[in-house]
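Scroll down for the structure; my scribbles are underneath it.
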Amino acid sequence: MTAPDYGQTFALWRGGALGPWRDYTRHAFVAGLGDGTLPRAAFLHYLTQDYVFLVHFARAWSLAVVKSETLAEMRVCAATVDALVNHEMALHIGVCAAHGIDEATLFATAEAAPNLAYTRYVLDAGLQGDFLDLMAALAPCVMGYGEIGLHLAQTCTPDTPYKDWIDTYAAPDYQAVCKSVGAMIDDAVTQRIGSLAASPRAARLQQRFTTATQLEVGFWQMGLDA
């Protein structure tokens with residue numbers, strides 16, 4: 001799977017987590033989306049959990065607005081909250097509504113343990129650390145879904161029932177979010193610590209990214225095990 005260009009920092013973090021990143025982006029759940037073999041019950045379980053995940057993810061991006069040091073950072077983070085709340089979550093609402101699950105039921109969904117672990121890890125990264133800690137924990141979800149969406153759009157079975165999901169993350173609007181966030185992270189690194197590779201913080205930030213990637217693997221598995 002070719003890595004799309006989402007900035008230099010993302011490329012470094014991705015390269016430092018190649019094993020977990022491969023497990024994440026090539027998971028059996030992802031393959032099932034592409035070839036249409038993923039059981040519908042597994043997809044709906046994932047989707048209801050992902051709706052709750054996005055609620056907390058939006059809160060984490062809202063925290064990023066608080067942690068921002070420039071107006072440019074605030075704009076990107078605020079735009080990402082808008083993309084999550086007013087666009088990405090609409091996919092979940094529409095698909096679940098077609099299966100008799102309304103938005104109130106989605107919002108009230110009890111979090112599965114892998115969901116709880118992931119969302120609280122990300123929020124803790126922001127509460128305990130600074131803007132870069134939070135970005136390292138947020139990046140695997142944002143960029144990973146962009147990479148997966150592009151790959152599946154090029155390789156999926158034409159009649160897969162998950163084409164709408166794939167198209168959401170392969171779409172130019174979502175790809176623009178990935179590139180915007182990647183450029184913002186590059187600027188934030190330069191502004192705060194200069195060269196990431198030469199910084200004593202490099203190992204900690206890499207661990208944030210790698211751990212979040214491993215939690216993404218657990219999230220897919222949670223859906224597959226439904």
Side-chain angles (χ1 to χ4, degrees), residues 1-34 46 49-50 52-54 56-61 63-64 80 84 88 111-152 165-166 168-170 174-175 177-186 188-189 196-197 199 201-225:
M1 187 180 295
T2 303
D5 183 6
Y6 298 147
Q8 294 180 348
T9 305
F10 167 70
L12 284 173
W13 284 341
R14 184 186 186 278
L18 282 180
W21 193 261
R22 182 169 52 250
D23 293 342
Y24 167 33
T25 57
R26 299 181 184 178
H27 195 278
F29 189 100
V30 174
L33 290 169
Y46 152 78
Q49 287 294 318
D50 198 48
V52 180
F53 172 87
L54 290 176
H56 293 293
F57 206 58
R59 288 172 175 157
W61 276 102
L63 178 58
T80 304
L84 291 167
E88 189 174 354
E111 293 175 83
N115 194 355
L116 192 66
Y118 190 6
T119 57
R120 298 322 187 268
Y121 175 79
V122 172
L123 286 166
D124 182 68
L127 291 169
Q128 182 190 52
D130 67 359
F131 188 79
L132 294 182
D133 287 293
L134 183 53
M135 287 301 113
L138 287 167
C141 182
V142 177
M143 277 73 159
Y145 273 51
E147 182 174 319
I148 289 167
L150 281 179
H151 176 71
L152 291 182
W165 187 97
I166 294 167
T168 294
Y169 297 104
Y174 190 82
Q175 293 300 314
V177 169
C178 294
K179 291 178 181 178
S180 177
V181 169
M184 179 198 67
I185 292 174
D186 283 347
V189 167
L196 179 62
S199 172
R201 294 193 59 194
R204 175 176 172 173
L205 291 173
Q206 179 65 61
Q207 187 57 47
R208 294 276 194 199
F209 181 92
T210 301
T211 299
T213 300
Q214 291 167 333
L215 289 165
E216 282 283 3
V217 177
F219 206 94
W220 287 142
Q221 193 62 44
M222 170 199 66
L224 202 60
D225 291 343

**Message:** I'd like to know whether Gln214 forms a side-chain contact (heavy atoms from CB on, under 4.5 Å) with Thr210, so could you lay out the CA-CA distance, the side-chain angles of the two residues, the decisive distance to 0.1 Å, and finally the verdict.
**Reply:** CA-CA 6 Å; Gln214 291 167 333; Thr210 301; 4.1 Å; yes
Could you tell me if the side chain of [Y] sits less than 4.5 Å from the side chain of [X], heavy atoms only?
{"X": "Arg208", "Y": "Met135", "value": "no"}
{"X": "Met222", "Y": "Phe219", "value": "yes"}
{"X": "Leu134", "Y": "Val122", "value": "yes"}
{"X": "Tyr174", "Y": "Val142", "value": "yes"}
{"X": "Leu196", "Y": "Trp13", "value": "yes"}
{"X": "Phe209", "Y": "Leu12", "value": "no"}
{"X": "Gln128", "Y": "Asp133", "value": "no"}
{"X": "Thr25", "Y": "Arg14", "value": "no"}

**Request:** List the steps, then state whether side-chain contact (heavy atoms from CB on, under 4.5 Å) holds for Glu216 with His27.
**Result:** CA-CA 10 Å; Glu216 282 283 3; His27 195 278; over 6 Å; no
Which heavy atom of [X] sits nearest a heavy atom of [Y], and at what distance?
{"X": "Ile185", "Y": "Ala139", "answer": "CD1-CB, 4.3 Å"}
{"X": "Cys141", "Y": "Phe57", "answer": "CB-CZ, 3.5 Å"}
{"X": "Asp186", "Y": "Gly7", "answer": "OD2-CA, 3.4 Å"}
{"X": "Leu132", "Y": "Ala188", "answer": "CD2-CB, 3.8 Å"}
{"X": "Pro4", "Y": "Leu150", "answer": "CB-CD1, 4.0 Å"}
{"X": "Ala212", "Y": "Pro140", "answer": "CB-CG, 3.7 Å"}

**Prompt:** Does atom CD of Glu111 have more than 12 heavy-atom neighbours, drawn from other residues, nucleotides or ligands, at distances under 6.0 Å?
**Reply:** yes
**Complete:** Output for pair (Thr211 OG1, Gln206 CD), nearest 0.5 Å, gives 9.5 Å
**Prompt:** How many angstroms lie between OG1 in Thr119 and CG in Leu54, if you round to the nearest 0.5 Å?
**Reply:** 11.0 Å
**Request:** Take Tyr46 and Leu33 through the side-chain contact (heavy atoms from CB on, under 4.5 Å) test and state the conclusion after the steps.
**Result:** CA-CA 12 Å; Tyr46 152 78; Leu33 290 169; 6.0 Å; no
**Fill in**
Only one of Tyr169, Trp21, Tyr24 passes side chain to side chain donor-acceptor pair (under 3.5 Å) with Glu147, and that residue is Trp21
**Request:** Answer yes or no: is there a donor N or O on one side and an acceptor on the other, between the side chain of Gln49 and the main chain of Asn115, under 3.5 Å?
**Result:** no
**Chi angles and distances behind the side-chain contact (heavy atoms from CB on, under 4.5 Å) call for Arg201, Asp130** = CA-CA 12 Å; Arg201 294 193 59 194; Asp130 67 359; 2.7 Å; yes
**Request:** Among Tyr121, Tyr145, Tyr118, find the residue that satisfies the ring pair (Phe, Tyr, Trp, His ring centres under 6.0 Å) test when tested with Phe53.
**Result:** Tyr118
